[in-house]
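Here it is, the structure, as structure tokens.
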Number of protein chains: 2
Amino acid sequence: MLIQTRPDPSPSAHDRVYRGLRTRIMHGEIEPGQALTLRGIGKEFGVSMTPAREAVRRLVAEGALLLSSSGRVSTPDLSNERIEELAALRALIEVELSSRALPRAHMALIDRLQLINGTISDAVRAHDPVGYIRTNLEFHRTLYLRAQAPAMLAMAETVWLQLGPTMCKLYGRMNRTEAPHFHRHIIAALKAGDEPGLRLAVRSDVTQGLRMLTT
Amino acid sequence: MLIQTRPDPSPSAHDRVYRGLRTRIMHGEIEPGQALTLRGIGKEFGVSMTPAREAVRRLVAEGALLLSSSGRVSTPDLSNERIEELAALRALIEVELSSRALPRAHMALIDRLQLINGTISDAVRAHDPVGYIRTNLEFHRTLYLRAQAPAMLAMAETVWLQLGPTMCKLYGRMNRTEAPHFHRHIIAALKAGDEPGLRLAVRSDVTQGLRMLTT
DNA sequence: ATGGATTTCTTGTGATCACAAAGCCGCGCA
DNA sequence: TGCGCGGCTTTGTGATCACAAGAAATCCAT
């Protein structure tokens, strides 16, 4: 069989599949318990089973997917204990990240955060759960990128990934009326250079968002 | 991510390769910068390239291996900033784990920890770096298992994994004279039920062990 | 019509192969 | 002697295939 001429020079096939699935999971576009098949993934991304399997294996290793004993793959349905753990991890890591970002947070960053916060409000008003989750993550990531701590950010994103399907389930059935108000606390603490206030605001935002996840 | 405690009766090929490489890396048996080949790994474990590639991809995703732009795979040589980040992560996560383990730490656990600590001293006296690293990790894991927090423990192990080759380089050229004395502080705090003391002891043990890693 | 057995289909697993790109070695030329 | 340069080799990538195990559908007997 001839190699199909792909115009993409840099991204390998498994990487495209991995990124595609990853963002879908992190943004909460796949609900918990949904089953996936390697051949289906391969057909969707136009590749064979081999890259699909590698991408799935990687996501399983990161806790974003669950591999049943028979090898079947699906999105995990988290227990309340697991959710509490992941929320605690978010609090630990993201508080540290925000604290490290504070000294480098200049006005341009704060402006961008306020802009993103406005987009969150738009998504809330439009009752768009996926848009809400995606923009909310963008808010946090924009702040944490300033921490210049890639290993910590990767850890935080791994936690987000594990919570993705569960957040899909939650925000699907809940109707927010406004953007999370702790984001305003975060921005205010950044403006004031108030580190204890920032830590408290980030911790509150993370735990408040996940307290309602535990049924 | 190795969450299930029971060994699978029929471990698949990629899982055997993954576990084999993982323990070798975590125990510091591979020094940083060492190159690996898929065919070599496959031959070593008696499998073809496919499971070897899946295992390598998984370890790359966990930060235990580095994939160069040309696809070559090797153990990473960490920068000082990265080491500092990982040390901070260890401090954050392991302090929390020890704190959660404290209420469940009974006498049998403390006895086991003291036994393991004795084995660490033996490894130090025998100038056995790999044995020292392995037993040291066993000390921490034994304590953290009591926290009943598998997601957090998995995160901690991922950090250990990333530090494995670097610890190999360090402990190879350093000659310890005694077991880490903060382990005695940890055991004392466990006996006394002293949570602040335990948090301080764990944090000290982690950061002290990694301060000398930054060249 | 219903429950159990059997067949069929689906799905994951791992080996193998063709191919491309990167490394490596040695030959030849200045 | 130093430096390209062309070929050979090594190595990763992804498609394809045979196989086994599980799930689903079908069929037969009561």
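Reminder, nothing fancy here: chain letters follow the sequence lines and each chain counts from 1. Note: hydrogens, waters and symmetry copies are ignored here, and every other heavy atom, side chains too, is used.
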>> If you define the side chain from C-beta out and look only at heavy atoms, does anything of M152(B) sit under 4.5 Å from M155(B)?
In response: no
>> From the set dT13(C), dA15(D), dA15(C), return the single nucleotide nearest to any side-chain atom of R39(A).
In response: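 Per side-chain heavy atoms of R39(A), the pick is dT13(C).
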> Where the side chain of V47(B) is defined as all heavy atoms beyond and including C-beta, which of dG12(D), dA15(D), dA15(C) is the nearest nucleotide?
Replying inline: dA15(C)
> Whole-Å distance between dG14(C) P and E54(A) CD?
Replying inline: 13 Å
> Under 3.5 Å, is there an N or O donor on one side and an acceptor on the other linking the side chain of R53(A) and the base of dG14(D)?
Replying inline: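 Flag unset: no donor-acceptor pair detected.
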>> Without decimals, in angstroms, what is the distance between L38(B) CG and dG14(C) C1'?
In response: 14 Å
>> Please classify the nucleic acid contact of T50(A) as base, sugar-phosphate, or nothing, using heavy-atom distances under 4.0 Å.
In response: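 Answer is base: heavy atoms of T50(A) come under 4.0 Å of a base.
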>> Go nucleotide by nucleotide along DNA chain D from the 5' end; which of G71(B) and S70(A) gets its closest nucleotide reached first?
In response: G71(B)
> What is the distance from atom CG of L86(A) to atom CD of E84(A), rounded to the nearest 0.5 Å?
Replying inline: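 That separation rounds to 9.0 Å.
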>> Can you tell whether the side chains of R58(B) and E54(B) come within less than 4.0 Å, N to carboxylate O?
In response: no
>> Just the rounded figure in Å: distance from C1' of dG14(D) to CZ of F45(A).
In response: 16 Å
> Does dA15(C) have OP1 or OP2 sitting under 4.0 Å from an N or O in the side chain of S48(B)?
Replying inline: yes
> Should H140(A) and H183(A) be marked as a side-chain contact (heavy atoms from CB on, under 4.5 Å) after you check the CA-CA gap, both sets of side-chain angles, and the distance that decides it?
Replying inline: CA-CA 9 Å; H140(A) 286 267; H183(A) 281 196; 3.5 Å; yes
> Between R57(A) and dT13(C), is there a side-chain N or O to OP1/OP2 distance below 4.0 Å?
Replying inline: yes
>> If I take atom NZ in residue K43(B) and atom C1' in nucleotide dT11(D), what distance separates them, rounded to the nearest angstrom?
In response: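 In whole Å, dT11(D) C1' and K43(B) NZ are 13 Å from each other.
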>> Taking 4.0 Å as the cut-off, does a side-chain nitrogen or oxygen of H14(A) come that near to OP1 or OP2 on dG14(D)?
In response: yes
> Toward the 5' end of DNA chain D, which comes first, M49(B) or R72(A), by nearest nucleotide?
Replying inline: M49(B)
>> Expressed as a whole number of angstroms, how long is the span from I41(A):CD1 to dG14(D):P?
In response: 15 Å
>> Nearest whole Å is fine: how far is dT11(C) C1' from L67(A) CG?
In response: 12 Å
> To the nearest Å, how far apart are L59(A) CG and dG12(C) C1'?
Replying inline: 17 Å
> If only atom types and distance count, is the side chain of E85(B) paired as donor or acceptor with the main-chain N or O of A151(A) below 3.5 Å?
Replying inline: yes
